[in-house]
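Sharing a structure here in structure tokens format.
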Amino acid sequence: MADTKVKAASKKPTAPKATNGSAAKAAKGKSNGVITAPQPEALLPGTDKPTAAASGSATTVPASTATFPKETYMQWYEQMQLMRKFEDKAGQLYGQQKIKGFCHLYIGQEACVAGAVSALEKGDKYITAYRDHAHPLALGTSPNAVMAELFAKATGCSKGKGGSMHMFDKEVGFMGGHGIVGAQVPMGAGIAFAEKYNKTGKLCICSMGDGAVRQGALHEAFNMAMLWKLPVIFVIENNGYAMGTSVARTSNVTDLYKIGLSYDMPSEPVNGMRVEDVHEAVARAAERARAGEGPTLLEFKTYRYKGHSMSDPAKYRTKEELEDYRHRDAIEGVRHTILTNNMATEADLEAIDERIKAEVQASVEFAENSPYPTPDELYKDVYVQADYPYIHD
């Protein structure tokens with residue numbers, strides 16, 4: 001696999017809690033092991049001021065205070081821009097029919113991955129559903145390998161056998177995107193069990209969409225994870241709509257973090273449009289997991305700008321709602337913090353943007369010039385036994 005140019009943000013001690021009324025103020029309650037916290041407020045990019053209107057309104061944006069080192073903000077910016085530009089290009093290529101099959105984009109949710117990666121350690125494991133392009137990119141998988149997988153080429157991170165929905169990269173701890181809704185939840189608990197059994201001191205962070213919480217396997221996994229105090233962080237990336245039906249139309253419980261209460265699992269909502277909040281929440285959960293205190297459930301309140309998949313016109317939401325969330329964009333928030341705190345200039349950020357744009361274009365050329373898997377690959381990577389006796393016609 002080609003050397004990656006993007007590394008996870010250097011691990012820093014958890015910064016002082018932000019004073020913005022977000023989930024960063026969460027404190028562990030005395031009953032049921034519950035973390036009590038207010039619902040995250042919708043924030044203007046990079047600020048502590050709640051937004052009162054959709055974008056387009058005249059709003060004075062105050063300067064934001066940086067709560068993390070410059071290196072962390074610059075890494076977040078680079079990682080999230082790589083995810084965004086890569087996904088934008090993937091969407092274009094899908095429209096050109098160069099990428100086939102299913103394609104689920106992560107555009108708008110980048111802070112959920114970037115903040116988690118910066119809060120965790122090398123050797124920790126990641127598992128998610130089929131909206132899975134951004135995760136390996138943030139962890140350091142080469143964009144070449146991810147793009148080649150989208151093209152179903154042999155040089156892809158899953159050797160062209162997984163495509164968009166089944167990315168894997170063991171070298172960076174990414175245990176895959178999984179196409180069966182909710183299947184990754186018990187698998188994530190199983191990975192955490194292995195880490196505890198082997199006394200590695202590492203953990204597993206298991207991401208799922210808001211639709212996956214309706215799967216019965218989730219409850220079985222939560223129960224066992226709490227019973228055995230497994231080092232796992234369960235994350236609900238709640239973008240509000242599952243496939244295309246709003247959370248409010250599928251359940252009486254719309255604050256999804258409360259599902260953890262039935263199992264005395266520490267649980268809290270997090271503003272998933274603010275990377276600082278994500279980092280702090282994951283860091284707290286990781287500290288508990290490594291101390292042997294078991295799992296945590298985090299509900300990242302986030303938003304995807306595209307439909308469920310490339311075939312989804314997303315007519316179930318209004319243009320005004322979409323524009324309102326674009327006004328809270330996490331990348332713009334980090335950009336605002338960098339500029340207002342003189343961490344870099346506009347020219348510096350534009351140079352990063354151009355470099356990433358070139359890197360993404362190079363990944364397209366790499367994928368187009370790569371070969372497809374040969375027919376004999378059908379019999380590889382199925383069983384551990386290398387000489388498994390297949391019956392051939």
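Because the structure is a prediction, the values reported are computed rather than measured. All residue numbers in this chain count up from 1 along the given sequence.
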Inset, instruction - Classify the side-chain pair D376/T374 by whether it contains a donor and acceptor separated by less than 3.5 Å. - result: yes
Inset, instruction - Only counting residues at least two apart or in another chain, list the ones meeting ring pair (Phe, Tyr, Trp, His ring centres under 6.0 Å) with F300. - result: none
Legend entry - Shared hydrophobic cluster for I107 and V334 (ILVMFWY, side-chain gaps under 4.5 Å): yes
Legend entry - Donor-acceptor contact present, side-chain E195 to main-chain L203, <3.5 Å: no
Legend entry - NZ/NE/NH1/NH2 to OD/OE distance under 4.0 Å, E237 and R131: no
Inset, instruction - Determine, using ring centers only, whether Y241 and Y316 are less than 6.0 Å apart. - result: yes
Inset, instruction - Would you indicate whether the side-chain heavy atoms of M74 and L349 approach each other to under 4.5 Å? - result: yes
Legend entry - E368/K98 salt bridge by N-O under 4.0 Å criterion: yes
Legend entry - Sole candidate of E346, E78, E350 that passes salt bridge (Lys or Arg N to Asp or Glu O under 4.0 Å) when paired with R335: E346
Legend entry - For K229 against E293, the heavy-atom pair lying closest together: CD-O, 3.5 Å
Inset, instruction - Inspect the surroundings of CD in Q385 and state if more than 12 heavy atoms from other residues, nucleotides or ligands are less than 6.0 Å away. - result: yes
Legend entry - Connected via hydrophobic side-chain network under 4.5 Å: M187 and I236: no
Legend entry - Exam field: side chain K125 to backbone C206, donor-acceptor pair closer than 3.5 Å: no
Legend entry - Plane angle bin for F193 and Y197 - parallel if under 30°, tilted between 30 and 60°, otherwise perpendicular: parallel
Inset, instruction - Assign the ring pair F68 / Y73 to parallel, tilted or perpendicular, where the plane angle (0 to 90°) is split at 30° and 60°. - result: perpendicular
Legend entry - Side-chain (E149) to main-chain (M167) donor-acceptor, under 3.5 angstrom: no
Legend entry - D124 side-chain N/O to K202 backbone N/O, donor-acceptor pair under 3.5 Å: no
Legend entry - Distance, nearest 0.5 Å, that separates CD of Q79 from CG of L139: 8.5 Å
Legend entry - Test item: R214 side-chain N/O and G182 main-chain N/O as donor-acceptor pair under 3.5 Å: no
Legend entry - Audit row: H133, S164, side chain to side chain donor-acceptor pair (under 3.5 Å) steps and yes/no: CA-CA 7 Å; H133 311 156; S164 171; 2.7 Å; yes
Inset, instruction - Determine yes or no for a side-chain-to-main-chain donor-acceptor pair under 3.5 angstrom, with S158 supplying the side chain and H166 the backbone. - result: yes
Legend entry - Nearest atoms (heavy-atom pairs only) where H104 meets E87: O-OE2, 4.3 Å
Legend entry - Backbone of D329 reached by a side-chain donor or acceptor of Y303 within 3.5 Å: no
Inset, instruction - Check for a donor-acceptor pair, side chain of E110 on one end and backbone N or O of Q81 on the other, with a separation under 3.5 Å. - result: no
Inset, instruction - Compare all side-chain heavy atoms of T128 with those of H178 and state whether any distance is below 4.5 angstrom. - result: no
Inset, instruction - Would you mind reporting whether I233 and V282 have side-chain heavy atoms less than 4.5 Å apart? - result: yes
Legend entry - In one Ile/Leu/Val/Met/Phe/Trp/Tyr side-chain cluster, 4.5 Å: W228, L297: yes
Inset, instruction - For the pair K380 and E377, evaluate salt bridge (Lys or Arg N to Asp or Glu O under 4.0 Å) and give the outcome as yes or no after the intermediate values. - result: CA-CA 5 Å; K380 297 178 182 179; E377 284 292 328; 3.5 Å; yes
Inset, instruction - Would you check if there is a donor-acceptor pair between the side chains of N238 and Y257 at a distance under 3.5 Å? - result: no
Inset, instruction - Decide yes or no on side-chain contact (heavy atoms from CB on, under 4.5 Å) for E121 and R290, but give the supporting numbers first. - result: CA-CA 11 Å; E121 300 176 354; R290 298 190 208 283; 3.5 Å; yes
Inset, instruction - For A281 and V270, work out which heavy atoms get closest and say how close. - result: CB-CG2, 3.5 Å
Legend entry - Test side-chain contact (heavy atoms from CB on, under 4.5 Å) applied to A189 - qualifying residues, sequence neighbours left out: A221, L230, F234
Inset, instruction - Apply side-chain contact (heavy atoms from CB on, under 4.5 Å) to I338 and Y77, showing your working. - result: CA-CA 9 Å; I338 290 171; Y77 183 79; 3.8 Å; yes
Inset, instruction - Working to the nearest 0.5 Å, report the span between CD1 of I352 and CG of L82. - result: 12.0 Å
Inset, instruction - Can you measure from CG (L218) to CG (N223) and round to the nearest 0.5 angstrom? - result: 11.0 Å
Inset, instruction - For Y106 and N239, test the side chains for any donor-to-acceptor distance below 3.5 angstrom and give the result as yes or no. - result: no
Legend entry - Check: K306 side chain, L105 main-chain N or O, donor-acceptor pair, under 3.5 Å: no
Inset, instruction - State whether the number of non-hydrogen atoms from other residues, nucleotides or ligands found under 6.0 Å of F102 atom CZ is greater than 12. - result: no
Inset, instruction - Indicate yes or no: at least one non-hydrogen side-chain atom of Y126 is less than 4.5 angstrom from one of V172. - result: no
Inset, instruction - Give a yes or no on this: more than 12 heavy atoms of other residues, nucleotides or ligands lie within 6.0 Å of atom NZ of K85. - result: yes
Inset, instruction - For this output row, return yes or no: ring centroids of H135 and F168 closer than 6.0 angstrom. - result: no
Legend entry - Heavy-atom pair of closest approach, residues A116 and I205: CB-CD1, 4.0 Å
Inset, instruction - Assess whether side-chain contact (heavy atoms from CB on, under 4.5 Å) is satisfied between Q361 and K89, documenting all intermediate values. - result: CA-CA 8 Å; Q361 183 57 42; K89 178 59 70 172; 3.6 Å; yes
Inset, instruction - Kindly say whether M265 contributes a backbone atom to a donor-acceptor pair with the side chain of S267 at under 3.5 angstrom? - result: yes
Legend entry - Spacing of T155 atom OG1 and F366 atom CZ [to the nearest 0.5 Å]: 4.0 Å
Inset, instruction - Look at the aromatic rings of Y390 and Y383 and report parallel, tilted or perpendicular, splitting at 30° and 60°. - result: tilted
Inset, instruction - Check whether any side-chain heavy atom of E276 lies under 4.5 Å from a side-chain heavy atom of T337, and answer yes or no. - result: yes
Legend entry - Note, V185 side chain near Q215 side chain (heavy atom, < 4.5 Å): no
Inset, instruction - May I ask you to test the S370-F151 pair for a side-chain heavy-atom distance under 4.5 Å? - result: no
Inset, instruction - Taking all non-hydrogen atoms of both residues into account, name the closest pair between E299 and T254 and its distance. - result: OE2-O, 4.0 Å
Inset, instruction - Please name the pair of heavy atoms, one in L150 and one in A90, separated by the smallest distance, quoted to 0.1 Å. - result: CD1-CB, 4.0 Å
Legend entry - side-chain contact (heavy atoms from CB on, under 4.5 Å) between R84 and V360, intermediate numbers included: CA-CA 10 Å; R84 178 70 59 85; V360 171; over 6 Å; no
Legend entry - Set of side-chain contact (heavy atoms from CB on, under 4.5 Å) partners for A212, sequence neighbours left out: V181, M208
Legend entry - Any side-chain heavy-atom pair of Y388 and V382 under 4.5 Å: no
Legend entry - M310 atom CE, over 12 foreign heavy atoms within 6.0 Å: yes
